[in-house]
Amino acid sequence: MAQNRPVRATAGITALTAAAFLAQGLAGPHIALQAGFMPVRLTTMVPFNAVPFWLTPLTATLLHGGLLHLGFNLLMLVYCGRQVEGVLGGLRLIILYVIGAYGAALGQFLVDPGSTTPMIGASGAISAVIGAYALMFGRGQVKRIGPFSGVVVRAVWLAAAWVVLQWGMGFVTGGSATPIATAAHVGGFVTGLLLAYPLLEWRYRYG
């Protein structure tokens with residue numbers, strides 16, 4: 001289903017995220033508090049300079065807990081993003097990624113609205129790309145199970161594998177200070193599932 005199209009949006013997001021990680025090292029350890037997504041900020045003022053709350057779902061995607069965290073995220077982004085961009089085009093991939101970041105933040109907020117732990121990492125937004133990928137490239141590759149089509153089965157397996165991978169990465173790196181935001185991954189993934197077909201229709205109906 002993928003087409004021979006430039007994947008500039010995927011490359012651009014990847015380069016921007018990698019550059020932000022390098023800048024993060026210069027910004028100091030408090031950058032996670034200032035630019036990470038902290039659910040409690042919706043109702044509580046913070047006693048320090050910070051990025052406006054409504055922007056933090058996006059700025060959080062530019063921060064990572066370490067090189068391994070960044071590397072795994074960008075690997076999945078490049079693998080799935082280039083395929084999805086080949087079908088949707090660059091603009092729609094960016095829209096998917098941005099809305100996915102907000103969907104991930106919403107998922108995390110709904111399960112823990114009073115959390116004071118900043119959520120960082122691009123995995124929530126990438127989960128939206130993975131969700132779209134699962135629907136676009138899942139047909140005929142996985143057998144149906146009972147009433148569930150191969151597309152649904154593939155999507156569930158891919159979502160589970162992604163969450164387990166993130167959890168395992170956090171365990172290996174000993175990142176207990178910034179626990180894996182499973183709800184954000186689910187929120188991003190569901191966002192990708194919901195947006196995949198509308199974005200496809202937009203692409204092939206209007207160009």
Side-chain angles (χ1 to χ4, degrees), residues 1-21 37 54-64 70-108 119 121-142 144 148-163 165-166 181 183-207:
M1 195 171 186
Q3 302 175 13
N4 292 324
R5 297 177 179 273
V7 288
R8 298 189 184 96
T10 301
I13 295 171
T14 302
L16 176 62
T17 306
F21 177 74
F37 174 74
W54 64 274
L55 275 178
T56 56
L58 293 180
T59 56
T61 67
L62 301 175
L63 305 176
H64 286 81
L70 174 74
F72 270 113
N73 279 352
L74 294 188
L75 179 65
M76 290 299 294
L77 173 61
V78 171
Y79 179 78
C80 294
R82 60 190 294 272
Q83 302 292 333
V84 173
E85 184 177 356
V87 175
L88 294 181
L91 173 61
R92 281 164 284 271
L93 176 75
I94 293 172
I95 291 172
L96 172 66
Y97 190 86
V98 169
I99 297 178
Y102 281 92
L106 176 61
Q108 192 65 18
M119 181 185 78
S123 51
I126 295 170
S127 293
V129 179
I130 295 173
Y133 175 89
L135 284 186
M136 292 178 187
F137 299 95
R139 297 184 183 280
Q141 299 180 28
V142 178
R144 68 183 300 119
F148 303 106
S149 69
V151 174
V152 173
V153 173
R154 179 181 174 83
V156 171
W157 274 110
L158 193 55
W162 175 236
V163 171
L165 175 63
Q166 293 287 320
H185 297 163
V186 174
F189 192 85
V190 170
T191 301
L193 295 179
L194 293 176
L195 287 179
Y197 286 144
L199 289 174
L200 274 172
E201 184 177 5
W202 176 15
R203 164 68 184 87
Y204 287 103
R205 176 172 294 186
Y206 302 106

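Nothing here was measured: the structure is a model prediction, and the numbers come from that model.
Pairing each heavy atom of Val7 with each of Arg82, the nearest pair is CG1-O, 3.5 Å. Closest approach of Gly107 to Ala183, counting heavy atoms only: O-CB, 3.5 Å. Nearest heavy atom pair, residue Leu193 against residue Gly131, reads CD2-O, 3.4 Å. Residues Ala9 and Ile94 share a closest heavy-atom pair of CB-CG1, 3.9 Å. The shortest heavy-atom contact between Ser127 and His185 is CB-O, 3.4 Å.
From Leu63, atom CG reaches atom CG of Leu70 across 11.0 Å, with rounding to the nearest 0.5 Å. Separating the OG1 atom in Thr191 from the CZ atom in Phe189 is a distance of 11.0 Å, to the nearest 0.5 Å. The OG atom of Ser123 sits 11.0 Å away from the CG atom of Leu74 when rounded to the nearest 0.5 Å. Taking CG of Leu194 as the start and CD1 of Ile99 as the end, the distance is 10.5 Å to the nearest 0.5 Å. Leu16 contributes atom CG, which lies 14.0 Å from atom CZ of Phe21 (distance to the nearest 0.5 angstrom). Going from atom CG of Leu77 over to atom OG1 of Thr14 covers 4.0 Å, rounded to the nearest 0.5 Å.
Exactly one of Ile126, Val87, Val84 qualifies for a side-chain contact (heavy atoms from CB on, under 4.5 Å) with Tyr133. That residue is Val84.
Every residue meeting the side chain to side chain contact (heavy atoms under 4.5 Å, CB included) condition with Thr56, not counting sequence neighbours, appears here in chain and number order: Phe37, Arg41, Val51, Phe53, Thr59. For Ala101, the side chain to side chain contact (heavy atoms under 4.5 Å, CB included) criterion is met by Leu58, Thr61, Ala125, not counting sequence neighbours. Listed by chain and residue number, Leu62 satisfy the side chain to side chain contact (heavy atoms under 4.5 Å, CB included) test with Ala20 (two or more places apart in sequence, or in another chain). Applying the side chain to side chain contact (heavy atoms under 4.5 Å, CB included) criterion to Leu91, with sequence neighbours excluded, gives Ile95, Trp202. Here Thr10 pairs with Glu85 under the side chain to side chain donor-acceptor pair (under 3.5 Å) rule; sequence neighbours left out.
A donor-acceptor pair under 3.5 Å links the side-chain atoms of His64 to the main chain of Ala122, judged by distance alone.
Among pairs with a residue in residues 193-202, those fulfilling salt bridge (Lys or Arg N to Asp or Glu O under 4.0 Å) read Glu201-Arg205, at least two apart in sequence or across chains.
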